[in-house]
**Student:** 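Dropping a structure here in structure tokens format, bear with me for questions.
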Amino acid sequence: MIYSIAPLTTGNPFEKIVGWKDDLITYDPDAFRQYEKAFPEDTARLINFGNPYAGDFSIESVLEAGTDLLLLDVGNLFKAEETGLIEKMESAGVNVAFVDFRRNATENTVPSLLMMGRILGEEKRAAELIDFYIGQMRKVTNIVDQIPADERPLVAIENAAGWQADFCCWSFGPYNFGRFVELAGGVNYASTLANAYSVDISLEGLIEADPDHIIATGANWIESRPEVASILLGYEGDPAVNHAKLQALADRTGFAQMRAVKEGNMHAIYHQFYNSPYHFVAVQQIAKWLHPDEFADLDPQASLEELHDKFLPFEASGQFWTSLK
Amino acid sequence: MTDQTTSAGFDAAALVMAYKRRNLRRVGLVAGAVTIMMCLVVLDIITGPADLSFGRTLAVILDPSLASPKEQVIIWQLRLPVALMAVTVGAMLGVAGAEMQTILNNPLADPFTLGLSSAASFGAALAIVLGWSVVPGVGGLFVTANAFVLAMITSGCLFLFTRLRGVTPEAMILVGIAMLFTFNALLAFLQYGASELQLAQLIFWQLGSLARASWTKVGVCIAVLLIVLPYFMSRSWALTALRMGEEKAAALGVNVSLLRMSVLAGVSLLSAVAVSFVGAVAFVGLVGPHIARMIVGEDQRGFLPLSALCGALIMSGTSIASKAITPGIVYPIGMITSLIGIPFFILLILGQRKRHWQ
């Protein structure tokens, strides 16, 4: 959530936040430390309300904190309806709003930002961010529209590659990263198999499909789960370390023999693009990988830096993608 | 007088004949099951998203040097370990369930109902959610290691319980069920606090998967089977006697409590290894032995191998089905095992008029 609140807020993004959940600390410690550096008192002050997905979400502590508004991911809608969370909150005078940067991220980012802008009283800033977002997305979609179907390469996404040492692969259907691939001018492999958010694909099927590109997602998970072999992308990503990690994933049985790997078309991208309005950066970088000639002039790194300069309280640093080639 | 002797002599001959026929029938049934299993394994190896012909697959298996790198990976690294894993794990669960039912004299006993699988799931959850490793220094295998250790601890508890004075098989089952609920509750605690990604991994683990098969794991499974199965076979007579009742078995010279403990140790090893490698697969250990019993009866010499084969058949069928539903997608085997085994089970129940468990 902070990924969208921070760029929307003109001053201190934590000013209006009374509590949150600790997944930024667990799954993206690099980004958390950036916020910690910028706003040390606020990051320490926040209350952990727990995980609404799992159920340890504490209504009482939400009320205790004097909350006016509860902002949830749309993935929690069913659960909130089932447990009567919305009614309970409303009867206590707390509004509940749902945003979506995750399931239908590319369709719902703009309405989510508009709504959050209104809620936070940052309409002007929201309009600027939306303009920026749409402009950045258009840089890709305007060109991809011209690319005929038979020139769109087959792309396999490996969700959280290296999270489990002995299993391959989680992938996305036509949602989230699967959708990013389609917008970037590729054919998403798992979308050809199932219309689901998450798809467990078999390694043999992947070898047989022989995709043109393989894109693994990764972030700095090693602090909370030391056994992961993931690529540690993020604000503290070290290119040398990450290249070695990507190479190790490419050397796994089955992968090493695939055409995409041999031709250097195995890539890794920052996993947290999946849950924030910054996914336009991912779409741009994927487009650049899939169609290097058409997008020769596109500079995703510059887009990322521009986003930080204009909207975020700290600079872009570290590494957010890498490639074998 | 003469008449009586002849009739007694005739009866004896008939009995011997009948006994020989039964023996022959048993050998035939086991041989038949082995043949079906072979066919399923072959079918398992030739099915998959990659379109490889039977001839080509066979040629590559017989002479690995023929294979292209792609075929080498698909056949030798992906399909063969999975196919063999299915068979060995199925056999392990089948045997474990069969002997659990025998020593506890209860048709509902199996590694799953006695909490061993729940314990293993809890161990896996400790690893997945909290990142705790029960055994230090196992690296990426720590989910498996945790599952194994917790399952072994649970059967250790069951084992210690048998050492208490005057403990009946019924009491042991109740303790097993208590374990089941304890670990399920502990597991729910961890699930409650798990993140989305952890929850996905945990559920995937619990539903079971053969996709994690490797040659090392197949090797471990075969080694465990080779240790435990011959021991169980060597105790067939005693185990068959036990099914006639504890007193009768004791009267026949069987040391019942020693037998029960040693078999429990073997069963624990089998199920802990199986569950830690493929996840908490229900059904196979429970119903595999029942299918075997309906076909061949109570005599361990037929019952034990056929239980192993039934388990192997169910798992092998599951492995094929999980690949066939949507090529390219992996379906967890736990979702399918029951669906594969149940139609056959129901058919057998309907076809039988005899009570097998009194």
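In what follows, chains carry the letters A, B, and so on, assigned in the order in which the sequence lines appear, proteins first and then strands, with residues in each chain numbered from 1. Just so you know, these numbers use all the heavy atoms, side chains as well, and skip hydrogens, waters and symmetry mates. All values derive from a computational prediction rather than experimental measurement.
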**Student:** Under 4.0 Å between a Lys/Arg side-chain N and an Asp/Glu carboxylate O for B/E71 and B/R79?
**Tutor:** no
**Student:** Name the region of B/V73, side chain, backbone, both or neither, that has any atom closer than 4.5 Å to a heavy atom of chain A.
**Tutor:** side chain
**Student:** Can we say B/K323 and B/D44 salt-bridge, meaning some charged N sits less than 4.0 Å from an Asp/Glu carboxylate O?
**Tutor:** yes
**Student:** Do A/E158 and A/W170 have side-chain atoms, one donor and one acceptor, less than 3.5 Å apart?
**Tutor:** no
**Student:** If you tally heavy-atom pairs under 4.5 Å against chain B, which of A/D210, A/V199, A/L203 wins?
**Tutor:** A/L203
**Student:** Sort B/I329 into side chain, backbone, both or neither according to what part of it lies under 4.5 angstrom from a heavy atom of chain A.
**Tutor:** both
**Student:** For A/K79, is there an ion pair with A/E82 - N to carboxylate O distance below 4.0 angstrom?
**Tutor:** no
**Student:** Need one label for B/P327: side chain, backbone, both or neither, based on atoms under 4.5 Å from any heavy atom in chain A.
**Tutor:** backbone
**Student:** Between B/F204 and chain A, with a heavy-atom cut-off of 4.5 Å, which part of the residue counts as in contact: side chain, backbone, both or neither?
**Tutor:** side chain
**Student:** With chain B, which of A/I201, A/V228, A/N159 has the greatest number of heavy-atom pairs at distances under 4.5 Å?
**Tutor:** A/I201
**Student:** Please verify the inter-ring angle class for A/Y27 with A/W163; under 30° counts as parallel, over 60° as perpendicular, anything in between as tilted.
**Tutor:** tilted
**Student:** Identify which of A/S202, A/G205, A/A194 forms the greatest number of heavy-atom pairs closer than 4.5 Å to chain B.
**Tutor:** A/S202
**Student:** Please state whether the side chain, the backbone, both or neither of A/E204 comes within less than 4.5 Å of a heavy atom of chain B.
**Tutor:** both
**Student:** Give, as side chain, backbone, both or neither, the part of B/A213 having an atom under 4.5 angstrom from any heavy atom of chain A.
**Tutor:** neither
**Student:** Name the residue from B/F181, B/F183, B/F189 that meets the ring pair (Phe, Tyr, Trp, His ring centres under 6.0 Å) definition with B/F122.
**Tutor:** B/F183
**Student:** Would you call A/E182 and A/R152 a salt bridge, taking side-chain N to carboxylate O under 4.0 Å as the test?
**Tutor:** no
